[in-house]
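Following: one structure in structure tokens, then a few remarks.
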Amino acid sequence: VVSERGKLRVAVIGQGFMGRAHSFGWARAAALEGSRLSPVLAVLCGRDRQALAVHAARYGFAGWSDDWAEVVRRDDVDLVDICTPGASHAEIALAALAAGKHVLCEKPLANTIDEAGQLAAAAERAASNGVFATVGFNYRRVPAVAMARGLIERGRVGTIRHVRAVYLQDWLVDPSFPLTWRLDRGEAGSGALGDLLAHVVDLVRFLSGEEIDEVVSLLETFVSERPLAASGVGLSATAGEAQATGRVTVDDACAVLARLHGGALATLEATRVAPGRKNALVIELNGSKGSLRFDLERLNELELYEVGAPMDGFSRVLVTNPSDPYLDQWWPPGHILGWEHSFVHEFEDLMAAIAERRQPEPSFFDGFVTQAVLDAVSRSAASRSWTTVDRGSKLAG
Ligand code: SOE
């Protein structure tokens, strides 16, 4: 599927926030010398034709289209990068895999556990033909997070006993924030749960190397009615005298108590209504030999505590040395990186896997397992009881 010149011709589907973040990332990846393949921005696909022409030119795409079904079949596309709302992930990803294209799908993999199971099964079949699929959990690619994983793998924190992880945002504090697709269950599947807790769950799995076995959870929607967004797409309005409003059908926040397979206790939280917290993804792990802490708002740093070290305190490691993960291709030590670099690194890892004809990580199966945790969280909140994560029965054969 890789064209002969070692190029990877990419179609990005979606031109919202994430479509643009990916387009930017692919353009940057194309400028890096060390990449295994050279990405070519072949086509940008979306619904708004006017915006498409502008975005396609801005990011350097060769062309654009408003018909994803045509795009995934094109001969001049090797990889389909899906950045649409969750409701369309399954249909687009299945069509792209069937057409023999590699697939990168944004998180959460799907809106339901059944769809995620279908996708994982389809990806496994495609992989046996050398066609690969991966989910966009970009935070695995932040250098400090990759470094944390290496330290944990090498046993520096010992046996993990606690994981404490939160993803906090505040863009829904204002009750006049409009009812966009992210607040519509039909489009987004869920709220803070699928949008933010999905990242938390993936990081817990990635860093600890362990599965989440059982959960007890709370889900809450604090503002249940909001003004209709300009387009009002797909939402049922209850027209008030002053302004039409509609019902929020997803959660604003969730809180989870969980147990990991190795016995560690975990508390996980995600919210869009924590005033002042803009994009605070924080994870702390405490082991028998030490602790690690990462905070996305201080993305170039990792905090490490080692039991018995000469200095009894956390050290703050600035992860910018050329020998640190992903850093050899960037700037001299101390010249820090930003959020968008996580996408560039994600694409580089993906291109290396494709070039070497091996399964990229995280796989669609990883995406399915995360979805199984989200599903258990929903079920637990509904039943108000401890709930086992079902990693098997929903996996379509
Ligand atoms: C919005 O909440 C959002 O853009 C998420 O959709 C992303 O996955 C997260 O990385 C940042 O916040």
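Order of appearance sets the numbers: ligands from 1, and atoms from 1 within every ligand. Keep in mind it's a predicted model, so treat the numbers as computed, not measured.
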May I ask you to check if ligand 1 and Trp339 share an N or O to N or O distance below 3.5 Å? no
Less than 3.5 Å apart, which donor and acceptor atoms pair up between the side chains of residues 343-351 and the rest of the protein, not counting sequence neighbours?
unit_1	atom_1	unit_2	atom_2	d
His345	ND1	Arg141	O	2.9
His345	ND1	His341	O	3.3
His345	NE2	Trp330	NE1	2.9
Glu348	OE1	Gln329	NE2	2.8
Glu348	OE2	Ser35	OG	3.3
Asp349	OD2	Arg141	NE	2.8
Asp349	OD2	Arg141	NH2	3.3
Asp349	OD2	Tyr326	OH	2.5

Which is it for Asn279 and ligand 1 at heavy atoms under 4.0 Å: side chain, backbone, both or neither? side chain
Write out the residue and atom name of the closest protein heavy atom to atom 10 (O) of ligand 1, then the distance separating them to 0.1 Å. Tyr139 OH, 2.5 Å
Which protein non-hydrogen atom lies closest to atom 12 (O) of ligand 1, naming both residue and atom, and how far is it? Gln169 NE2, 2.9 Å
Where is the nearest protein heavy atom to atom 1 (C) of ligand 1: which residue, which atom, and how far? Asp195 OD2, 3.3 Å
Which residues pass the side-chain contact (heavy atoms from CB on, under 4.5 Å) test with Ser385, sequence neighbours left out? Ser383, Thr387
So is Glu106 in contact with ligand 1, going by heavy-atom distances below 4.0 Å? no
Looking at Phe314, does the NZ or CZ of Arg316 lie under 6.0 angstrom from its six-membered ring centre and within 45 degrees of the ring axis? no
Lys107 heavy atoms, cut-off 4.0 Å: which ligand 1 atoms fall inside? 5 (C), 6 (O), 7 (C), 8 (O)
Residue pair Gly189 / Asn111: nearest heavy atoms and the distance that separates them: N-ND2, 3.2 Å
To which protein heavy atom is atom 9 (C) of ligand 1 closest, and what is the distance rounded to 0.1 Å? Tyr167 OH, 3.3 Å
How are the rings of His199 and Tyr167 set to each other: parallel, tilted or perpendicular (split at 30° and 60°)? tilted
Could you tell me whether the side chain of Arg149 and the main chain of Val145 form a donor-acceptor pair under 3.5 Å? no
Indicate yes or no for a side-chain donor-acceptor contact from Asp66 to the backbone of Arg49 under 3.5 Å, with no hydrogens or angles considered. no
Indicate yes or no: does an N/O atom of Arg272 lie under 3.5 Å from an N/O atom of ligand 1? no
Which of the atoms in ligand 1, numbered in the order shown and given with their element, are less than 4.0 Å from a heavy-atom of Leu196? 2 (O)
Ligand 1 atoms in contact with Phe17 (distance to a heavy atom under 4.0 Å): 4 (O)
Ligand 1 and Asn138, any nitrogen or oxygen pair closer than 3.5 angstrom? no
We want to know whether Ser363 and Asp366 form a side-chain donor-acceptor pair, criterion being a heavy-atom distance below 3.5 angstrom. yes
